[in-house]
There are 2 protein chains.
Amino acid sequence: MLDEMDVKILKVLQQDTTRAVADIGKEVGLSTTPCWRRIQKLEEAGVIQRRVALLEPTKVNAGVTVFVQIKTDQHSLEWLEKFHAAVVDFEEVVEFYRMSGDIDYLLRVVVPDIAAYDAFYKKLIGRIEIAKVSSTFAMEQIKYTTALPLDFVLEDAQHSKRT
Amino acid sequence: MLDEMDVKILKVLQQDTTRAVADIGKEVGLSTTPCWRRIQKLEEAGVIQRRVALLEPTKVNAGVTVFVQIKTDQHSLEWLEKFHAAVVDFEEVVEFYRMSGDIDYLLRVVVPDIAAYDAFYKKLIGRIEIAKVSSTFAMEQIKYTTALPLDFVLEDAQHSKRT
DNA sequence: GTTGAAAATCAATGCAC
DNA sequence: GTGCATTGATTTTCAAC
């Protein structure tokens, strides 16, 4: 489905969407029109999901990341749906995964400080019954990127056939 | 530093940067010119860091998330710098935190499948000496957003005074 | 802060090759 | 796939209020 040229374009757009189509074309070795058409197709195909602004966490008072590991004893469908909906609703929760292994769920929570995390924690356990919660604070964010690895796109022939 | 109007604008831009300035102005209750000026200031101030495209993970063959917990026994500055640089270099590593508590580092790694994770794992431990590595696979990504919580921006007077 | 409007840039399309 | 030319939209900058 995607070829090397698409990958080049996606690599640029994953880093910066402010650049003009003509500019991107120059970088990847394509003139404006075909470059523009490829971007359109990538959007229609849903490969490009959305274009967003990334903010500097410390400048919006959201510089502290906490990872919350959750273990539950409840496994009814009803509880599950309620739990998911409740957690998703918190804007402090920026990532939320159902995990394999020992821990059932993993949350990445973003707050201004420890006090705010405590407030979040109380809100969370107030709304839902959880068996075990364990919070770990990030001391430093060494890397954070929204850019997905693109070296796998072309590698796997099986994948191309599937999609 | 930031007021309610800025927060409204940021909320829009965190979700979608394709919208025209005039449009955003309408939504937040501002005409084009002052809305445009505010966005400029937010960019100059570094509140808006960048504008990027978000891709659909499954469509670029990067649908599997693995969390890697790392514990080390080495704490020399030299090892630390080498370790950081090596990990950051992997495009599969999309997030990388130095943690408090029991685990020293936490990585979020994105790969196409388990086999690719195994390949990554071998590359990782081949490059650096790590005491303990524990990998946990995400079964489901229930929430993932790049939008930071903005309800804290105005709340804390201390913060405003500091920045 | 507002409106309105002008100028520059760019997206988006069509056409010829 | 390329180049060119065009239309329309949007950004960006100006005035005047």
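Excluded from the calculations below are hydrogen atoms, water molecules and symmetry mates; all remaining heavy atoms, backbone and side chain alike, are included. Numbers restart at 1 for each chain; the letters A, B, ... are given by sequence-line order, proteins then strands. Values in this document were obtained by computation on a predicted structure and should not be read as measured data.
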Chemist: Kindly check if the number of other-residue, nucleotide or ligand heavy atoms within 6.0 Å of NZ (K26(B)) is above 12?
Modeler: no
Chemist: Within the 4.0 Å limit for protein heavy atoms, which parts of nucleotides 12-17 of chain D are touched? Write it as a string from 5' to 3', B for base, S for sugar-phosphate only, - for none.
Modeler: SBB---
Chemist: Would you check if there is a donor-acceptor pair between the side chains of R108(B) and Y97(A) at a distance under 3.5 Å?
Modeler: yes
Chemist: Mind checking whether Y105(A) and H84(A) have ring centres under 6.0 Å apart?
Modeler: yes
Chemist: Please report the distance, rounded to the nearest Å, between CD1 in I24(A) and P in dA11(C).
Modeler: 8 Å
Chemist: Students often get this wrong, so: under 4.0 angstrom with heavy atoms, is S31(B) touching a base, only sugar-phosphate, or nothing?
Modeler: base
Chemist: Output the residues of residues 2-14 of chain B in contact with DNA chain D, where contact means a heavy atom of the residue under 4.0 Å from an atom of the strand; sort by number or write none.
Modeler: none
Chemist: Report the nucleotide, chosen from dG1(D), dT11(D), dT2(D), that has the shortest atom-to-atom distance to any side-chain atom of R38(A).
Modeler: dG1(D)
Chemist: Would you give the length of the straight line joining atom OG of S134(A) to atom CD1 of I70(A), rounded to the nearest 0.5 angstrom?
Modeler: 10.0 Å
Chemist: Tell me every residue that passes side-chain hydrogen bond (donor to acceptor under 3.5 Å, both in side chains) with R127(A), counting only those two or more places apart in sequence or in another chain.
Modeler: none
Chemist: Angle class for the F67(B)/F67(A) ring planes (parallel below 30°, perpendicular above 60°, tilted otherwise)?
Modeler: perpendicular
Chemist: Any donor-acceptor pair under 3.5 Å linking the side-chain atoms of Q141(B) with those of R98(A)?
Modeler: no
Chemist: With salt bridge (charged side-chain N to carboxylate O under 4.0 Å, His left out) as the test, would you mind laying out the steps for D3(A) and R38(A) before giving the verdict?
Modeler: CA-CA 11 Å; D3(A) 63 6; R38(A) 275 171 184 270; 2.9 Å; yes
